Amino acid sequence: MHPPYGGGVHRFLLTPRWWGINVFVALAVPFCLFMGSWQLGRFEDRVDSHREANAERPADQVATPLESLLPVDKTTSGRLASTAGEYADQLLVPERRLDGESGFYVLTLLKTDSGKAVPVVRGWLPGVADPAKAPAPPTGRVEVTGALQSSENSGTKGVHSQGGLPAGQLGVIGAASLVNIVPYELYDAWLTVQTPSEGMIPVPAQAPTNTGLDLKAFQNLGYTGEWFVFVAFVLFMWFRLYRREVETIRDAEAGLLEPAA
C-alpha cells in the first residue's frame, strides 16, 4: 500500500493542461445528460402518441361537424365527423387489403354545403376493382357520418403510388391526387363510413402517421443509451487520467522514475 500523501500531490489539477481537461468534462457531462434526456423525451412522446392513436374510440362517440376537426392531427384522426351535401364523382381505389384479403375501396366525392368536396370511402369489396360491382351512391342531399382520416401520400402503407391506373381509379386518397381529377375545391382529409350499406364492408379508421413505435422511435431510444454511455466514458477517462497522474507523482517522489535528460 502507498503511504498517505499531502494535498500538494494534487497541485497538477491547477496546471493549464488539467484546467482544459476539467473544463471539457464540466461541459461535456451536462451536455450529454441533456441530449440523452431529450432523446428519451422524444421516445416517450412517441409511446404516448402510439397509445393515443391506438386507443379504442367509445362506441357512443358523438359526431362532430367536419370543419371543426380540421386540420387533421393525431387528436382528431379517427374521430367521427359529420357533414352534408350531395354525392358526385365515384372512384375505385384498387389493391387495398382488409383482413388479409385483397379488394378495393368504393370512394365517392361528397360536395358539401360549404362548396368544398370531401372524399368518402363508402366501403370495401373483395376482388379486382370493377365499376359494375360498386353500388351507385344515393341521390339527392344526404347526411354523412364517418371516421376522419388524414390525406394519404406516396409513402403511406398500402397505397398504389406507381401510377398507370385506368380511368375511374385512384391510387392515393388525398387532395393532392384528386386536384387534377375533379373540378371543385377539396378538403385535405377523407371520411370512412363505419356503417356502409349494399353489401359493402366498412373500412376501419387507420392510426395517424408518425405515431407508432416504428424505427424512428427505437432510434430515439438507442440515442438515449448512447448519450448516457458517453457520460460514463468521459468520467471514466477523467478518472483514468487522474489516477495515472497521481501514480506518476508518487513514483517520482519515491525515486522510482529515472531523471529526465
Side-chain angles (χ1 to χ4, degrees), residues 1-58 69-79 147-159 161 174 188-189 204-254 256-257 260:
M1 294 179 63
H2 292 287
Y5 51 89
V9 76
H10 296 104
R11 290 179 181 174
F12 67 87
L13 293 173
L14 302 178
T15 61
R17 171 172 171 265
W18 272 92
W19 264 108
I21 294 174
N22 293 333
V23 169
F24 171 77
V25 172
L27 295 176
V29 169
F31 175 77
C32 292
L33 290 174
F34 169 78
M35 292 301 298
S37 300
W38 180 74
Q39 290 288 354
L40 181 60
R42 292 290 303 274
F43 173 75
E44 291 175 343
D45 289 342
R46 290 182 179 276
V47 171
D48 293 339
S49 297
H50 176 74
R51 290 174 179 170
E52 182 178 349
N54 290 276
E56 294 185 2
R57 306 292 185 183
L69 296 176
L70 298 175
V72 186
D73 55 25
K74 65 181 182 181
T75 303
T76 60
S77 180
R79 292 276 304 276
L148 183 65
Q149 300 283 262
S150 59
S151 292
E152 298 177 339
N153 55 58
S154 58
T156 303
K157 184 178 180 180
V159 304
S161 58
D188 191 18
Q206 301 294 320
T209 58
N210 298 322
T211 57
L213 294 179
D214 53 8
L215 179 60
K216 290 183 179 180
F218 290 103
Q219 283 179 339
N220 292 136
L221 188 60
Y223 293 150
T224 299
E226 287 181 0
W227 284 112
F228 290 146
V229 168
F230 290 158
V231 172
F233 177 75
V234 169
L235 294 176
F236 168 76
M237 290 303 298
W238 183 93
F239 179 75
R240 184 176 180 182
L241 290 173
Y242 164 81
R243 184 174 180 180
R244 187 173 64 180
E245 194 86 14
V246 170
E247 289 177 348
T248 301
I249 294 174
R250 284 175 172 173
D251 292 341
E253 291 177 347
L256 300 178
L257 297 179

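We're numbering straight along the sequence, starting at 1. None of the values given here were measured: they were computed from a predicted structure.
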T76 and P71: which non-hydrogen atoms are nearest, and at how many Å? OG1-O, 3.8 Å

To the closest 0.5 Å, what do you measure between OG (S150) and CG (L70)? 11.0 Å

Point-to-point distance, once rounded to the nearest 0.5 Å, from CZ of F239 to CZ of R244: 13.0 Å

With side-chain contact (heavy atoms from CB on, under 4.5 Å) as the criterion, how do Q39 and F43 come out once you've worked through the C-alpha distance, each side chain's angles and the decisive distance to 0.1 Å? CA-CA 6 Å; Q39 290 288 354; F43 173 75; over 6 Å; no

Which atom names give the shortest non-hydrogen contact between F230 and C32, and what distance separates them? CB-SG, 3.8 Å

Heavy-atom closest pair (V159 atom, S154 atom, distance to 0.1 Å) is CG2-O, 3.9 Å

Any side chain to side chain donor-acceptor pair (under 3.5 Å) involving residues 222-236? Give me the pairs, sequence neighbours left out, ordered by first then second residue. none

Measure the CG-CG distance between L221 and L40 for me, rounded to the nearest 0.5 Å. 7.5 Å

Kindly state each residue pair satisfying side chain to side chain donor-acceptor pair (under 3.5 Å) with at least one member in residues 16-27, sequence neighbours excluded. R17-E245, N22-W238

Using 0.5 Å steps for rounding, measure from the CD1 atom of I21 to the CG atom of L13. 9.5 Å

Hey, what do you get for CZ (F236) to CG (L241), rounding to the nearest 0.5 Å? 9.5 Å

Minimal non-hydrogen separation, S151 against A189, with atom names: OG-N, 3.5 Å

Which pair of non-hydrogen atoms, one from A205 and one from G78, has the smallest distance, and what is that distance? CB-CA, 4.3 Å

Heavy-atom donor-acceptor pair, Q149 side chain to Q206 backbone, under 3.5 Å: yes

